[in-house]
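Okay, so here's the structure we're looking at.
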Amino acid sequence: MDLLNYINKGLTYENYIVRVEDELEAEIEIDDPKEIVQYYALGLQRMNRVFKTFNLTPVQEARIKNTANNFKFLIITEGWCGDASQILPVVEKLAVALNVEASYIFRDENLELMENYKTNGAISIPIIIGVAEDGSELFRFGPRPQYGMDLLHRFKNNPDIYSKEEFHEDLQKYYNNNKGVDIVNEILDLIDENVQ
């Protein structure tokens with residue numbers, strides 16, 4: 001699969017934010033039939049906050065100097081996605097630090113691509129793909145860091161003991177307390193393992 005086609009039709013981070021703001025306004029104008037306005041609004045608020053407050057650690061900054069950057073990021077996302085609102089600003093700042101192009105596309109407009117990036121059969125997002133210069137996949141990350149995936153498995157395996165509400169609360173606490181450290185470290189590990 002040539003992922004460069006998707007990179008070429010993708011948006012910059014700034015244009016992605018504008019598009020999400022437009023989608024929020026459109027949903028408000030039609031009285032929110034899908035009941036997703038609150039998720040768009042919360043997502044934009046979170047992305048803004050995370051983008052303003054996230055900083056790479058000194059160890060990460062030093063590591064990035066020795067990290068390969070001969071690839072592009074392709075990010076599959078949606079504006080209403082809670083995990084995306086926590087992860088995308090971090091990935092954007094990582095892309096800038098690496099001097100790597102990041103291209104954002106919408107899952108629901110690219111379901112044929114999403115078929116190749118399911119997580120346990122689900123079209124979960126965000127998915128961050130490292131794309132080689134020839135358009136092939138080098139690595140993928142998502143839909144959340146490993147700790148978040150562990151929380152999800154705990155909920156899926158024991159929903160009577162560990163509720164959906166507890167899962168969402170614990171996931172939010174994790175994102176707030178971890179401050180993007182795991183996201184960056186896990187993606188840097190993938191780059192080191194897969195990009196020459």
Could you note down all residue pairs passing salt bridge (charged side-chain N to carboxylate O under 4.0 Å, His left out) where [range] supplies at least one of them, sequence neighbours left out?
range: residues 90-101; value: Lys72-Glu101
range: residues 119-147; value: Asp83-Arg144, Glu137-Arg140
range: residues 178-191; value: Arg63-Asp189

What's the spacing between Asp32 CG and Tyr40 OH if we round to 0.5 Å?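 Result: 10.0 Å between the selected atoms.
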Applying side-chain hydrogen bond (donor to acceptor under 3.5 Å, both in side chains), name anything that partners Tyr39, two or more places apart in sequence or on another chain.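 If we apply the side-chain hydrogen bond (donor to acceptor under 3.5 Å, both in side chains) test to Tyr39, skipping adjacent residues, there are no hits.
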Apply side chain to side chain contact (heavy atoms under 4.5 Å, CB included) to [X] and list each qualifying residue two or more places apart in sequence or on a separate chain.
X: Asn116; result: Met1
X: Gln38; result: none
X: Val181; result: Thr57, Gln60, Asn178, Asn185
X: Pro33; result: Glu27, Ile30

Partners of Phe51 by ring pair (Phe, Tyr, Trp, His ring centres under 6.0 Å), sequence neighbours excluded?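 Tyr13.
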What residues form a ring pair (Phe, Tyr, Trp, His ring centres under 6.0 Å) with Phe71, not counting sequence neighbours?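 Phe71: ring pair (Phe, Tyr, Trp, His ring centres under 6.0 Å) contacts with Phe73, Phe139.
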Could you go through residues 74-82 and list every donor-acceptor pair under 3.5 Å that involves a side-chain atom there, pairing it with any protein atom two or more places apart or in another chain?
from	atom 1	to	atom 2	distance (Å)
Thr77	OG1	Tyr16	OH	3.3
Glu78	OE2	Arg107	N	3.2
Glu78	OE2	Asp108	N	2.8

Show me the side-chain donor-acceptor pairs of residues 150-161 shorter than 3.5 Å, one per line, residues at least two apart or across chains.
from	atom 1	to	atom 2	distance (Å)
Asp150	OD1	Gln146	NE2	2.8
His153	ND1	Met149	O	3.2
Asn157	ND2	His153	O	3.1

